[in-house]
K.L.:
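Pasting a structure below so you can have a look.
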Amino acid sequence: MKTPKRLQPLIDEGLVDEVLRPLMSGKEAAVYVVRCGEAIRCAKVYKDASQRSFKKAVQYQEGRKVRSSRRARAMEKGSSFGREQAEESWQNAEVDALYKLSDAGVRVPTPYGCYDGVLLMELIVDEDGDVAPRLNDIQLTAEQARRDHKTMMQDVLRMLAVGLVHGDLSEFNVLQDQQGPVIIDLPQAVDAAANNNAQWMLTRDVDNITQYYAQFAPELASSQYAKEIWALFEAGNLNPETPLTGTFIEEEREVDLNAVLDEINAAFTEMQERKARQQAENDED
């Protein structure tokens with residue numbers, strides 16, 4: 001096939017020997033099957049921000065650290081340089097997440113580097129050597145669904161243990177190879193400790209995946225993994241190997257009405273004293 005313009009520099013540098021075929025085109029990138037020596041890999045070509053249809057990118061970037069203060073200021077101002085840096089940060093987020101999650105034992109494609117907006121990584125294949133299907137394209141037995149759902153919940157826990165929430169997890173960005181699910185598409189991964197939307201995103205991730213597997217094993221729909229995982233995170237008890245149960249008991253506390261009234265009265269008294277001080281200052285003027 002004709003070599004896409006964005007992949008030509010990788011061929012010129014000897015990083016890619018041949019572009020075999022397009023694999024898919026999504027909301028933030030186009031993916032191609034490529035040959036690198038004897039290995040068959042995939043090349044993810046990120047789309048420019050103007051072409052990307054990923055919604056609410058700003059809320060995903062909240063809390064991301066930028067090493068250079070100059071870059072951070074430029075990104076805040078939205079200058080042309082700042083936009084370039086924001087785009088580079090968006091792309092690097094996936095590379096960084098892949099390395100971090102791979103080290104943490106989460107099943108993700110092995111990354112081989114990012115070059116000018118092109119991510120080279122492992123091509124996930126099925127037992128026949130064909131490109132592995134997405135979850136939304138397959139049917140599972142109830143036993144498979146239970147087993148793979150448990151695997152996915154443990155991977156969500158492992159992700160959070162290294163500070164990350166996927167942020168867009170669903171049956172459309174999980175592949176199924178002969179060993180089970182493999183998580184893909186991570187440019188929007190968020191810093192759990194620094195992003196105010198992290199708990200909401202984790203809950204949505206868990207709910208999306210649970211709804212998918214519950215098609216085959218309906219009892220999964222009543223599980224409470226998101227609450228269980230987040231409670232461990234908030235309590236500082238997040239061990240990546242903690243066995244999850246899918247159950248969670250809400251802590252019930254009696255409201256101390258006297259304490260609430262004391263706080264209201266203290267606030268009212270403070271307000272009155274502030275008004276009195278302001279009035280005294282006005283009288284002096």
K.L.:
Kindly write out the residues that satisfy side chain to side chain contact (heavy atoms under 4.5 Å, CB included) with Pro218, not counting sequence neighbours, or none if the list is empty.
P.N.:
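Side chain to side chain contact (heavy atoms under 4.5 Å, CB included) list for Pro218, sorted by chain: empty.
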K.L.:
Is the closest basic N to carboxylate O distance between Asp177 and Arg107 below 4.0 Å?
P.N.:
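Yes.
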K.L.:
Given the side-chain rings of Tyr212 and His149, with only the six-membered ring counted for Trp, is the space between their centroids under 6.0 Å?
P.N.:
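No - the distance between ring centres of Tyr212 and His149 does not fall below the 6.0 Å cut-off.
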K.L.:
Report yes if the side chains of Phe248 and Ser223 come closer than 4.5 Å at any heavy-atom pair, otherwise no.
P.N.:
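Side chain of Phe248 against side chain of Ser223, heavy atoms only: no contact under 4.5 Å found.
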K.L.:
Tell me, do Val156 and Leu202 make a side-chain contact under 4.5 Å, heavy atoms counted?
P.N.:
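Yes, side chains in contact.
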K.L.:
How long is the span from the CD atom in Glu28 to the CD atom in Glu94, to the nearest 0.5 Å?
P.N.:
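If we round to the nearest 0.5 Å, Glu28:CD and Glu94:CD are 7.0 Å apart.
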K.L.:
Which value, rounded to the nearest 0.5 Å, describes the distance between Cys42 atom SG and Leu20 atom CG?
P.N.:
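Atom-to-atom, Cys42:SG and Leu20:CG are 11.5 Å apart.
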K.L.:
Can Lys227 and Glu234 be counted as an ion pair, charged N to O under 4.0 angstrom?
P.N.:
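Answer for the salt bridge query: no.
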K.L.:
For Thr151, give me all partners under side-chain hydrogen bond (donor to acceptor under 3.5 Å, both in side chains), at least two apart in sequence or on another chain.
P.N.:
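side-chain hydrogen bond (donor to acceptor under 3.5 Å, both in side chains) list for Thr151, sorted by chain: empty.
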K.L.:
Output all residues satisfying side-chain hydrogen bond (donor to acceptor under 3.5 Å, both in side chains) with Gln215, sequence neighbours left out; order by chain, then residue number.
P.N.:
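Not a single residue meets the side-chain hydrogen bond (donor to acceptor under 3.5 Å, both in side chains) criterion with Gln215.
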K.L.:
Give me the atom names and distance for the closest heavy-atom approach of Pro187 to Lys44.
P.N.:
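Heavy atoms only, the tightest pair is CD-NZ, 4.1 Å.
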K.L.:
Atom OH in Tyr46, atom CG in Asp116: separation rounded to 0.5 Å?
P.N.:
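Interatomic distance, Tyr46 OH to Asp116 CG, rounded to 0.5 Å: 13.0 Å.
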K.L.:
Write down the atom of Ala192, the atom of Trp230, and the distance for their closest heavy-atom approach.
P.N.:
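The pair with the smallest heavy-atom distance is O-CH2, 4.3 Å.
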K.L.:
From Leu220 CG over to Lys150 NZ, what is the distance, rounded to the nearest 0.5 angstrom?
P.N.:
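Those atoms lie 12.0 Å apart.
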K.L.:
State whether the side chain of Arg204 and the backbone N or O of Gly167 hold a donor-acceptor pair below 3.5 Å, judged by distance alone.
P.N.:
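Between the backbone of Gly167 and the side chain of Arg204 there is a qualifying donor-acceptor contact (under 3.5 Å).
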K.L.:
Among Leu186, Asp185, Asn208, which one satisfies side-chain contact (heavy atoms from CB on, under 4.5 Å) with Asn173?
P.N.:
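So, applying the side-chain contact (heavy atoms from CB on, under 4.5 Å) to Asn173 and each of Leu186, Asp185, Asn208, only Asp185 qualifies.
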K.L.:
Could you pull out all residues at least two apart from Gln154 that satisfy side chain to side chain contact (heavy atoms under 4.5 Å, CB included)?
P.N.:
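Partners of Gln154 by the side chain to side chain contact (heavy atoms under 4.5 Å, CB included) criterion, ordered by chain and then number, come out as Leu157, Arg158, Leu244.
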K.L.:
Side-chain contact, heavy-atom cut-off 4.5 Å: Val45 with Pro4?
P.N.:
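Side-chain contact under 4.5 Å: no.
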K.L.:
Could you measure the distance from the CD atom of Glu18 to the CZ atom of Arg35? Nearest 0.5 Å is fine.
P.N.:
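One gets 5.0 Å once the value is rounded to the nearest 0.5 Å.
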K.L.:
Does a donor on one side chain sit under 3.5 Å from an acceptor on the other, for Glu228 and Thr245?
P.N.:
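Yes.
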K.L.:
Is the cationic atom of Arg41 (NZ for Lys, CZ for Arg) positioned less than 6.0 Å from the six-membered ring centroid of Tyr112 and within 45 degrees of its normal?
P.N.:
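Yes; both conditions hold, so Arg41 lies above the ring face of Tyr112.
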K.L.:
Show me, pair by pair, the donor-acceptor contacts under 3.5 angstrom made by side chains of residues 129-142, not counting sequence neighbours?
P.N.:
{"unit_1": "Arg134", "atom_1": "NH1", "unit_2": "Phe172", "atom_2": "O", "d": "2.1"}
{"unit_1": "Thr141", "atom_1": "OG1", "unit_2": "Gln144", "atom_2": "N", "d": "3.1"}
{"unit_1": "Thr141", "atom_1": "OG1", "unit_2": "Gln144", "atom_2": "OE1", "d": "3.4"}

K.L.:
In residues 97-104, what donor-acceptor pairs under 3.5 Å come from side-chain atoms, sequence neighbours left out?
P.N.:
none

K.L.:
If you round to the nearest 0.5 Å, how far is OH of Tyr32 from CZ of Arg6?
P.N.:
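Answer for the CZ-OH pair, Arg6 versus Tyr32, is 9.5 Å.
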K.L.:
Can you check whether Ile209 reaches Met153 side chain to side chain, under 4.5 Å on heavy atoms?
P.N.:
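Yes, at least one pair of side-chain atoms sits under 4.5 Å.
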K.L.:
Are any of the side-chain heavy atoms of Val182 and Val174 separated by less than 4.5 Å?
P.N.:
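Not in contact.
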K.L.:
Do His166 and Gln188 make a side-chain contact, defined as non-hydrogen atoms from C-beta onward lying under 4.5 Å apart?
P.N.:
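His166 reaches Gln188 side chain to side chain.
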K.L.:
Between the side chains of Asp12 and Gln8, does any donor sit under 3.5 Å from an acceptor?
P.N.:
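Yes, because at least one side-chain N or O of Asp12 sits under 3.5 Å from a partner of the opposite role on Gln8.
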K.L.:
In a check of side-chain contact (heavy atoms from CB on, under 4.5 Å) between Val190 and each of Val165, Leu164, Asp168, which one passes?
P.N.:
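It is Val165, the one option of Val165, Leu164, Asp168 that forms the side-chain contact (heavy atoms from CB on, under 4.5 Å) with Val190.
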K.L.:
Contact between Met152 and Thr210 at the side-chain level, heavy atoms closer than 4.5 Å - yes or no?
P.N.:
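No; the side chains remain at least 4.5 Å from each other.
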K.L.:
Any side-chain heavy-atom pair from Leu160 and Leu232 closer than 4.5 angstrom?
P.N.:
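Sidechains of Leu232 and Leu160: no contact.
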